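Report on the following structure.
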There are 2 protein chains.
Amino acid sequence: MRKRTRDIQKALSESGYRITQSRLAVIEVIMRARHSLSPEEILARARKIEPSVGLATVYRTLDVLHAEGYLERVRIGNKGYTLACEEKSLHFHLICERCRTVIELQSNHSSDALLAQLRAAGFKSRKNAVEIVGLCAKCQSPE
Amino acid sequence: MRKRTRDIQKALSESGYRITQSRLAVIEVIMRARHSLSPEEILARARKIEPSVGLATVYRTLDVLHAEGYLERVRIGNKGYTLACEEKSLHFHLICERCRTVIELQSNHSSDALLAQLRAAGFKSRKNAVEIVGLCAKCQSPE
DNA sequence: CTTCTTATTGAGAATGATTCTCATTAAGCG
DNA sequence: CGCTTAATGAGAATCATTCTCAATAAGAAG
Ligand SMILES: [Mn+2]
Ligand SMILES: [Mn+2]
Ligand SMILES: [Zn+2]
Ligand SMILES: [Zn+2]
């Protein structure tokens with residue numbers, strides 16, 4: 001079990017959640033993942049750690065992790081999840097629909113024309129990460 | 001039937017599509033709509049014009065209109081559709097999840113920091129409209 | 001360690017949106 | 001008016017997600 005898994009385990013525990021083997025398996029899988037995974041993919045991997053895990057528990061654990069701020073939902077066709085980032089102000093995720101890499105854009109530019117327009121319109125974004133789906137540089141060239 | 005409906009009818013016809021009463025009803029409904037509609041909403045309204053319309057045809061017509069560039073998909077929970085805009089380069093849609101208004105952001109700023117970062121990353125967006133979902137100024141205040 | 005409470009679980013049913021199937025209909029063209 | 005076949009409507013099928021519920025096990029208390 002990785003360090004990050006332990007941290008989350010501790011935090012969940014302190015928030016009153018019970019630390020079950022199924023939850024631990026799901027969390028561990030997500031921590032190990034190199035890119036966002038679908039619930040089915042998470043299930044398959046989690047069962048290698050804890051064979052009895054059910055799909056419903058994967059969904060439920062994802063909900064818990066999302067509610068506690070450890071996950072961000074990502075939509076590439078189907079729902080996917082990636083680790084949440086630290087940035088709390090509005091910023092952008094470039095999501096490659098081929099390799100599912102998530103590129104974080106640094107948008108600290110408070111002078112950014114886009115953010116200025118958002119402010120001017122008085123619009124309040126529900127999420128702090130805006131998803132721009134497409135192909136990363138690597139995935140554009142090779143067929 | 002509105003002028004825009006006639007234009008689309010003409011264009012679809014010239015592209016080889018048959019102009020059926022069902023399609024006309026769906027198109028007319030979309031043209032009249034003040035905000036994006038779900039397929040079920042479109043069905044209900046279309047049946048007031050052509051009672052025999054089926055839900056499958058609503059979906060099929062939406063696909064046709066989208067493929068021909070007349071509609072943009074919008075996701076507010078469920079799928080929705082709005083009229084496509086003229087802008088072909090990457091720009092932003094502020095979508096209010098309460099009133100479903102779609103605010104077009106003018107992002108002609110070729111110097112825009114965000115677009116510059118996209119270019120620098122070599123990332124190619126699949127859509128030309130990026131959706132920022134939240135609440136418009138009007139919908140934030142009244143309960 | 002054992003007991004107790006109840007949050008959590010797994011399996012499968014249920015749901016909801018979208019797509020598919022297929023026999024029937026009607027656009028569009030002579 | 002016929003012909004050809006794209007398009008249709010109804011309902012089945014699919015797929016992801018949520019729900020139900022009896023069984024289980026985490027964690028607190030003793
Ligand atoms: Mn982020
Ligand atoms: Mn637009
Ligand atoms: Zn990629
Ligand atoms: Zn609004």
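Numbered from 1 within each chain, the chains take letters A, B, ... in sequence-line order. Just so it is clear, the values below take in all heavy atoms, side chains as well, and ignore hydrogens, waters and symmetry mates. What you see is a predicted model; the values in this text were computed from it and never measured.
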Euclidean distance, atom [atom1] of residue [X] to atom [atom2] of [N] [Å, nearest integer]:
X	N	atom1	atom2	answer
B:E41	C:dG16	CD	C1'	15 Å
B:L55	C:dG16	CG	C1'	11 Å
A:L62	D:dT17	CG	C1'	11 Å
B:D63	D:dA6	CG	P	18 Å
A:E40	D:dT18	CD	C1'	14 Å

Original post:
Across the strands shown, which category fits A:R60 at heavy-atom distances under 4.0 angstrom: base, sugar-phosphate, nothing?
Top reply: base

It should be established whether [X] places a side-chain nitrogen or oxygen under 4.0 Å from OP1 or OP2 of nucleotide [N].
X	N	result
A:Y59	D:dT18	no
A:S22	C:dG10	yes
A:R23	C:dA7	no

Subject >> Terminal axis angle for the helix from C:dC1-D:dG30 to C:dG30-D:dC1, five pairs an end, nearest 10 degrees >> reply: 40°

Original post:
Under 3.5 Å, side chain of B:T61 to main-chain N/O of B:T57, donor-acceptor pair present?
Top reply: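 Indeed, once roles are kept as given, a pair shorter than 3.5 Å links the two residues.
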
How many angstroms lie between atom [atom1] of [X] and atom [atom2] of [Y], to the nearest 0.5 angstrom?
X	Y	atom1	atom2	value
B:Y70	B:L12	OH	CG	6.0 Å
B:R6	B:E28	CZ	CD	10.0 Å
B:L43	B:E40	CG	CD	6.0 Å

**OP:** Please report the shortest heavy-atom distance between B:A25 and B:V53, naming the atom on each side.
**Re:**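 Closest pair (atom of B:A25, atom of B:V53, distance): CB-CG2, 4.4 Å.
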
Original post:
Under a 4.0 Å N-O cut-off, is there an ion pair linking A:K10 with A:E14?
Top reply: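 Salt bridge between A:K10 and A:E14, a charged N being under 4.0 Å from a carboxylate O: yes.
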
Original post:
When you check every protein heavy atom under 4.0 Å of nucleotides 23-30 of chain D, what one-letter string (B, S, -) results, 5' to 3'?
Top reply: --BBS---

Run the side-chain donor-acceptor check on residues 16-24 of chain A: report pairs under 3.5 Å with partners two or more places apart or on a different chain.
residue : atom : partner : partner atom : Å
A:Y17   : OH   : A:E68   : OE2          : 3.2
A:T20   : OG1  : A:R23   : N            : 3.1
A:R23   : NH1  : A:R18   : O            : 2.8

